[in-house]
Amino acid sequence: MKFNTKTIHGKQQHDPSTGAVMTPIYQTSTFAQSSPGVHKGYEYSRAANPTRTALENALAAIENGTHGFAFGSGLAATDGILKLLKAGDEVIAMDDLYGGSFRMFTRIYQNFGLKFSFVDMTRPENILAKITPQTKLIWVETPTNPLMKIVDIKLVCDLVKDKGIMVAVDNTFASPYLQNPLDLGADIVMHSATKYLGGHSDVVAGAVVVKDESLAEKIHFSLFAGGGILGPQDAYLILRGIKTLHVRMQRHCENGMKVAEFLKTHPKIGQLFFPGLIEHPNHEIAKKQMKGFGGMVSFNFKSGKKEDAFRFFERLKIFTLAESLGGVESLANHPASMTHASIPIEIRTEQGISDDLVRLSVGIEDADDLLADLEQSLD
Ligand SMILES: *Cc1c(COP(=O)(O)O)cnc(C)c1O
């Protein structure tokens, strides 16, 4: 089955009890048993719920894995993965990272005895320099948030393949439409399903997909015993979103490219971060491992002034100033004070998340309207 068909039919079945074409929302905490331990596969909704199962199967199908897991948020999914580790274990993570992941690593898990190093994985040799016998997990994010760096997933996986180190990829920015890390050798793929998978800015959810039976058991245990499950209403919304993922992503990619090309020629724009441009330092890797370049575009101002960025945000009419990304509507975000405010200023500055940096989540409106909005606001 090819990808577009999989988003709609992959590992899905009509509801076995009624034939309902779309999986119903099984709004129940518990399930009747005819004799102790005798039931139809469901006992209690923390362990499994039919609406969540339908979503988890769909997730596995579109990420080319064997098992999917639906968590209550993207960060709950990340948390569920980190709980596979124990005190003393070491994690090597990408340096340009979603702010909430960085916050969890340094302000929660560091207190539990996990050790983290953050390296620029666009140079994979940086990973080798940090590997010790205690290294258990490599945490990749690509494209990165907000600077759109691209990490060569296959190269990273090949580097650590025979070392007993797991590779997990935060695939939120690409979505399974553009990139499938399990096919490139990763052990775990994770999503904030809040973003492109849901696609309509109406639900917070997280996803994990694996392709190994024993790893699947461990993740299920982490979800079930840790408790960070996704509820049936929200599972339904993500399942519904996935069915149009391919159509939405095509348009996000088209509009993302048009916005990037417009910004490239605008006299007020300083640096532009979009992997679809030939000038992007990781463009070749992006071309190799992604089916398209997505709808996320970041830039800063030639003036370097925070005030210019703020004036730009205030004048936007179609783009909405808001956190989050990946919905049908276009959003603009100021990483330094919004999504990445939890990263200490010294680290932020070192990484290039300057006060005049703007991150756009380009939606699926008419591109002409989006370009006109950017133009009037920049003027
Ligand atoms: C939003 C986001 C997360 C966190 O997901 P939530 O659903 O908000 O918990 C993790 N990684 C990336 C890249 C994100 O954009």
Side-chain angles (χ1 to χ4, degrees), residues 10-13 15-17 22-33 37 39-63 65-85 98 100-101 103-104 108-109 112 168-172 176 187-243 245 324 326:
K11 295 187 198 277
Q12 296 298 300
Q13 55 170 345
D15 184 55
S17 57
M22 186 62 190
T23 304
I25 301 167
Y26 279 88
Q27 195 70 52
T28 184
S29 59
T30 191
F31 300 83
Q33 308 196 6
H39 52 73
K40 295 178 174 163
Y42 293 94
E43 297 162 84
Y44 183 63
S45 282
R46 177 158 35 71
N49 171 286
T51 316
R52 201 173 88 224
T53 303
L55 168 60
E56 290 175 333
N57 289 340
L59 290 167
I62 58 175
E63 273 295 13
T66 54
H67 299 76
F69 302 93
F71 287 78
S73 69
L75 283 182
T78 301
D79 180 80
I81 295 166
L82 287 179
K83 282 179 182 151
L84 303 179
L85 306 179
Y98 173 67
S101 309
R103 179 176 55 202
M104 180 191 294
I108 297 181
Y109 280 101
F112 285 83
V169 178
D170 182 339
N171 203 26
T172 301
D187 302 282
I188 301 175
V189 55
M190 169 263 155
H191 285 275
S192 168
T194 313
K195 316 293 169 55
Y196 287 110
L197 290 176
H200 295 76
S201 307
D202 52 6
V203 56
V204 172
V208 172
V209 181
V210 299
K211 57 179 179 187
D212 174 86
E213 196 67 41
S214 79
L215 195 51
E217 272 172 35
K218 288 178 192 154
I219 299 274
H220 180 257
F221 183 78
S222 180
L223 175 59
F224 158 71
I229 56 156
L230 187 67
Q233 298 255 4
D234 291 349
Y236 172 87
L237 286 171
I238 302 293
L239 187 60
R240 188 184 213 263
I242 285 174
K243 289 174 192 285
L245 176 67
S324 201

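Below, all heavy atoms of this structure are taken into account, side chains as well, without hydrogens, waters or symmetry copies. We're numbering straight along the sequence, starting at 1. Being a predicted model, the structure only gives us computed values, none of them experimental.
By the 4.5 Å heavy-atom criterion applied to side chains, Val204 and Asp234 are not counted as neighbours. Counting heavy atoms from C-beta on, the side chains of Tyr236 and Met22 come closer than 4.5 Å. Between Val209 and His67, the closest side-chain pair of non-hydrogen atoms is not below 4.5 Å. Side-chain contact between Tyr98 and Leu75: present, with at least one pair of heavy atoms (C-beta onward) separated by less than 4.5 Å. In this structure, Ile219 and Leu84 have side chains that are in contact, with non-hydrogen atoms separated by less than 4.5 Å. Residues Pro50 and Phe31 have side chains in contact (heavy-atom distance under 4.5 Å, counting atoms from C-beta outward). The shortest distance between side-chain heavy atoms of Pro176 and Leu245 falls below 4.5 Å. In this structure the side chain of His191 never reaches within 4.5 angstrom of the side chain of Asp170, judged on heavy atoms.
A side-chain donor-acceptor contact under 3.5 Å links Glu63 and Asn171. Neither side chain, Tyr44 nor Asn49, offers a donor N or O lying under 3.5 Å from an acceptor on the other. At a cut-off of 3.5 Å, with distance as the only test, a side-chain donor of Thr53 or Tyr42 sits close to an acceptor on the other residue.
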Side chain to side chain contact (heavy atoms under 4.5 Å, CB included), that's the test. Do Phe112 and Leu82 meet it? Break it down for me. CA-CA 11 Å; Phe112 285 83; Leu82 287 179; over 6 Å; no
Are Val203 and Ile238 close enough, and set up right, to give a side chain to side chain contact (heavy atoms under 4.5 Å, CB included), and what steps lead you there? CA-CA 8 Å; Val203 56; Ile238 302 293; 3.5 Å; yes
Kindly determine whether Asp212 and Asp187 satisfy side chain to side chain contact (heavy atoms under 4.5 Å, CB included), including the steps that lead there. CA-CA 8 Å; Asp212 174 86; Asp187 302 282; over 6 Å; no
Show your reasoning for whether side chain to side chain contact (heavy atoms under 4.5 Å, CB included) applies to Asn57 and Gln13. CA-CA 10 Å; Asn57 289 340; Gln13 55 170 345; over 6 Å; no
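A 6.0 Å sphere centred on CZ of Phe224 holds no more than 12 heavy atoms belonging to other residues, nucleotides or ligands. More than 12 heavy-atom neighbours from other residues, nucleotides or ligands sit within 6.0 angstrom of NZ on Lys11.
Here the side chain of Thr51 pairs no donor or acceptor atom with the backbone of Ala235 at under 3.5 angstrom. A donor-acceptor distance shorter than 3.5 angstrom exists from the side chain of Thr30 to the backbone of Glu43, with no hydrogens or angles considered. Ser45 contributes a side-chain N or O that, together with a main-chain N or O of Thr28, makes up a donor-acceptor pair within less than 3.5 Å.
Of all the heavy atoms in Ser17 and Tyr26, the pair that sits closest is OG-OH, 3.6 Å. Of all heavy-atom pairs between Ala47 and Arg52, the closest is O-NH2, 3.1 Å. Here the closest heavy-atom approach between residue Phe69 and residue Glu56 is recorded as CA-OE2, 3.3 Å. In this structure, Ala58 and Ile242 approach most closely via the heavy-atom pair CB-CD1, 4.5 Å. Ala205 approaches Leu230 most closely through the heavy-atom pair CB-CD1, 3.6 Å. Closest of all the heavy-atom pairs between Val208 and Ile81 is CG2-CD1, 3.9 Å.
In this structure, the separation between OG on Ser192 and CZ on Phe71 is 13.0 Å, given to the nearest 0.5 Å. Atom CG of Leu197 sits about 8.5 Å away from atom CG of Leu55, to the nearest 0.5 Å. For the atom pair OG1 of Thr194 and NE2 of His200, the computed distance is 14.0 Å after rounding to the nearest 0.5 Å. With rounding to the nearest 0.5 Å, the separation of CD1 in Ile229 from CG in Leu223 is 7.0 Å. Atom OG1 of Thr78 sits about 3.5 Å away from atom CE of Met190, to the nearest 0.5 Å. Once rounded to the nearest 0.5 Å, the distance linking CZ of Arg240 with CD1 of Ile25 reads 9.5 Å.
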